[in-house]
Amino acid sequence: MLSPAALQLSPTYYRDNFQQLANQAQRLYHDLLTQQERHWLAAYQRLPLAAQCLYVRLLSRKGQWFRRDKLHYDEIDEIDTAAQQLQEAGLIDIVTLKEIAADDSKLHTFNTQPSELLALFTKAELGQCLSVAGWRTMKREPLLQLVQQQWPENIEKLTHAPLFWVCSQDFLELLQLLFFGHLQQSLTDFVLSDLGIYRYEQYELSTAQRLFQQRQQLEAHWQFERWRQDLPELKSLSADALQDLLDSLPHAVDTTMARRVERIRLQLARQLERCGEATAALSYYQQCQRHPARERRLRILHQQKDPQRLELAQQMIEAPWSEEERVFTQRFVARMKSDPLAKMLEPAADISQQQLLLDEQGNTLWRERGVEFAALQSYVDEHGGSGFYIENTLFTAVFALTFWPVLFAAVPGAFFHPFQQRAADLYEADFRSRRQDIVAECEAVWQAGPDDWWSQLQQTWQEKNGLANPLLHWPALESCWQELLPLAVQRIPTAHWRSTFDFLWQDIRRHRSGMPDLIVFPPQGGYRLLEVKGPGDTLQPNQRAWFAQFARHDIPAMVLQVRSS
DNA sequence: GGCTGGTTAG
DNA sequence: TTCACACGTTCAA
DNA sequence: GAACGTGTGTCTCTAACCAGCCAG
Ligand SMILES: [Mn+2]
Ligand SMILES: [Mn+2]
């Protein structure tokens with residue numbers, strides 16, 4: 001394990017990171033940039049180091065106004081010189097409150113509200129400098145109201161020090177978008193990685209394929225990502241507001257954007273349903289081609305006794321979009337009381353259940369560490385052997401370690417910046433087929449036999465330990481891995497591994513969750529998966545999908561109904 | 001003077 | 001940018 | 001019983017710093 005203290009950043013780390021963003025944009029996307037953007041980048045690149053540093057410091061802070069007298073950076077000796085150079089390069093403006101107060105047009109030029117400038121000062125400064133009677137007892141809000149009313153009278157008394165105005169946050173945003181492909185990651189990711197807080201696989205970056213080919217595509221993404229970022233809490237929105245948002249969703253310009261737009265369309269439509277507008281939601285669900293759009297539609301149509309429900313149900317039975325949808329449809333249609341449809345259903349696989357009564361000690365464990373640990377201890381006490389509380393972690397981990405080279409293979413477009421925890425297309429349907437050769441190599445290892453496979457797993461576990469991977473929760477397994485892995489490899493038959501891996505391959509995104517809580521290894525050999533359920537809990541849809549899969553492949557899984565005695 | 005939430009930094 | 005559980009409410013059968 | 005909403009704990013990167021607020 002790397003200790004964070006051992007990793008030191010350069011004094012100008014933030015500028016160096018920004019430099020990487022700028023360089024990549026200029027190298028890969030020069031032809032997609034506007035004249036203004038090119039000039040901006042060129043102006044930045046011509047600056048001396050100290051000015052670049054000051055600029056990036058300011059750019060990465062909130063707001064566009066800064067007080068000179070509040071800026072202190074150890075690594076920038078002459079802030080005023082640097083600021084002067086930035087002004088000459090046209091990257092910032094330097095202005096005093098006196099100048100702003102004297103010229104009405106200044107606020108307009110700087111696209112600024114008085115409140116943005118007042119935000120630079122504390123309550124005490126506002127009250128004392130502007131001689132507001134009784135400011136000490138006022139809250140900040142009413143004080144601001146008062147001061148704004150007398151704007152611009154006397155405001156120069158707040159400070160004689162210059163103010164810096166930085167307007168090009170948009171450009172930084174553009175660089176982020178070009179580098180990461182979205183706006184969720186930022187310069188912070190460089191730091192966290194350099195500090196060793198996040199550690200990423202050293203995959204090979206894809207240079208052949210750009211994220212954006214045309215300015216129009218770039219603009220569409222930019223606008224959408226910004227819109228997405230500013231989206232308010234859905235819960236706070238009225239039905240009308242939701243409909244407006246739904247109607248203003250953009251047309252996607254590529255499959256990536258289409259996926260993101262549709263995800264939001266589903267969320268908005270679902271929220272619209274919660275507002276009691278089920279009928280309106282129907283038409284939005286109809287535009288969606290992914291789960292749970294048809295599930296929601298079928299529920300609504302059924303509730304409204306709409307005749308169309310039969311046709312929809314039939315389509316869903318015949319060609320489900322996902323295992324979760326298939327499992328839902330099978331159960332739901334059974335309750336729809338439609339003879340023709342009922343004939344189309346698969347025979348329902350029964351899920352074996354067992355009761356588990358907890359003693360006094362078990363009840364204590366339940367309260368203190370959760371129902372799963374209580375069930376685990378009680379079961380192992382009674383039946384002997386050993387057991388582990390693993391939920392999704394064991395199977396996704398063994399899968400990820402077995403196919404590690406596949407997950408991080410350098411396929412065109414899969415990796416385009418150094419801070420990805422997964423390939424861009426990991427959750428796409430053709431992920432596996434695009435890497436078929438490497439899949440075959442990895443399968444050869446695990447099918448070579450338990451010993452070869454086991455040592456390969458151990459080696460990858462050691463080698464990759466701690467590297468970011470959505471299928472691997474390292475800390476959760478750390479304490480039990482050495483004990484658990486040999487048992488798992490010996491006791492779980494190859495055929496079961498195969499069907500489990502196949503199921504994961506089928507839909508990595510959805511099938512990474514829903515696996516049972518416990519795995520137990522009885523003294524007489526074999527293994528068993530146990531899903532623990534307290535009194536008020538039943539199988540979730542994704543858990544049903546896994547249990548259906550277990551039934552198809554004779555994998556020993558059951559539900560443990562836990563009751564306290 | 002303690003508590004809290006937002007911002008900044010590495 | 002999670003995942004799962006517990007608990008309470010509502011609704012329909 | 002089914003479906004749903006909500007709160008909770010787990011996970012969250014962490015710590016310093018600052019302003020605002022309020023109880024005493
Ligand atoms: Mn669970
Ligand atoms: Mn459970």
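Quick note on labels: first sequence line is chain A, next is B, and so on, each numbered from 1.
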Checklist entry - Base, sugar-phosphate, or nothing for A:R136, non-hydrogen atoms under 4.0 angstrom? => result nothing
Checklist entry - Can you give one letter per nucleotide of nucleotides 17-24 of chain D, going 5' to 3': B for a protein heavy atom under 4.0 Å from the base, S for sugar-phosphate only, - for none? => result --SSSS--
Next on the checklist: Taking the ring centre of each residue, are A:F501 and A:W505 less than 6.0 Å apart?
Outcome noted: no
Checklist entry - 5'-most contact on DNA chain B: A:K62 or A:V191, nearest heavy atom basis? => result A:K62
Item to check | Counter-base of B:dT7, judged by Watson-Crick or G-U geometry with both distances under 3.5 Å | outcome: D:dA16
Next on the checklist: Ignoring hydrogens, what is the shortest heavy-atom contact between A:Q271 and A:K235? Give both atom names and the distance.
Outcome noted: NE2-CA, 3.9 Å
Checklist entry - Does D:dA2 have OP1 or OP2 sitting under 4.0 Å from an N or O in the side chain of A:R299? => result no
Next on the checklist: Just so I know, are the side chains of A:R259 and A:E428 near enough to count as touching, which here means a heavy-atom distance under 4.5 Å?
Outcome noted: yes
Item to check | Centroid-centroid under 6.0 Å between A:Y389 and A:F373 rings | outcome: yes
Checklist outcome for this item: A:L310 and A:S338 have their tightest heavy-atom pair at CD2-OG, 3.9 Å
Item to check | Exam field: side chain A:W546 to backbone A:H511, donor-acceptor pair closer than 3.5 Å | outcome: yes
Item to check | Over all atoms of both residues, closest heavy-atom pair of A:L237 and A:P232 | outcome: CD2-CG, 3.8 Å
Checklist entry - Do the two ring centres, one from A:Y14 and one from A:F190, sit under 6.0 Å apart? => result no
Item to check | Centroid-centroid distance, A:Y44 to A:F171, less than 6.0 Å | outcome: no
Checklist entry - Rounding to a whole Å, what distance do you find between A:L54:CG and B:dA9:P? => result 11 Å
Next on the checklist: What is the separation between atom NE2 on A:H72 and atom P on B:dT8, rounded to the nearest whole Å?
Outcome noted: 15 Å
Checklist entry - Are the ring centres of A:H302 and A:F332 closer than 6.0 Å? => result yes
Next on the checklist: One character per nucleotide, please: for nucleotides 2-13 of chain C, 5' to 3', B when the base has a protein heavy atom closer than 4.0 Å, S when only the sugar-phosphate does, - otherwise.
Outcome noted: SSSSS-------
Checklist entry - How far does the P atom of B:dG5 sit from the matching atom of D:dT8, given to the nearest Å? => result 15 Å
Next on the checklist: Distance check needed: B:dT7 C1' versus A:F66 CZ, whole Å only.
Outcome noted: 11 Å
Checklist entry - Paired with D:dT10 by Watson-Crick or G-U wobble geometry, both distances under 3.5 Å: which nucleotide is it? => result none
Item to check | Integer angstrom distance from the P of D:dT6 to that of D:dT10 | outcome: 23 Å
Item to check | D:dG24 pairs with, by Watson-Crick or G-U criteria that keep both distances under 3.5 Å | outcome: none
Checklist entry - Does A:Y13 make a side-chain N or O approach to OP1 or OP2 of B:dA9 shorter than 4.0 Å? => result no
Next on the checklist: Nearest whole Å is fine: how far is B:dT7 C1' from A:R57 CZ?
Outcome noted: 13 Å
Checklist entry - How long is the line joining CG of A:D189 and P of D:dT14, in whole Å? => result 15 Å
Next on the checklist: By the 4.0 Å heavy-atom rule, please label A:Y73 as base, sugar-phosphate, or nothing.
Outcome noted: sugar-phosphate
Item to check | Heavy-atom protein contacts under 4.0 Å, nucleotides 5-13 of chain D, coded B base, S sugar-phosphate only, - none | outcome: SS------B
Checklist entry - To the nearest 0.5 Å, what is the distance between OG (A:S186) and CG (A:L175)? => result 12.5 Å
Item to check | Flag side-chain contact, heavy atom, 4.5 Å: A:E201 against A:N469 | outcome: no
Next on the checklist: Check the phosphate of B:dG6 against A:R61, side-chain N and O only, distance under 4.0 Å to OP1 or OP2. Yes or no?
Outcome noted: no
Checklist outcome for this item: A:L298 CG to D:dA3 C1', in whole Å, measures 14 Å
Next on the checklist: In whole Å, I'd like the distance from the CZ atom of A:F190 to the C1' atom of B:dT8.
Outcome noted: 19 Å
Checklist entry - Looking only at atom types and distance, does a side-chain atom of A:S193 sit under 3.5 Å from a main-chain N or O of A:D189, one as donor and one as acceptor? => result no
Checklist entry - Within the structure shown, what part of the strands sits under 4.0 Å from A:R369 by heavy-atom distance: base, sugar-phosphate, or nothing? => result nothing
Checklist entry - In whole Å, what is the span from the CZ atom of A:F332 to the C1' atom of D:dC4? => result 14 Å
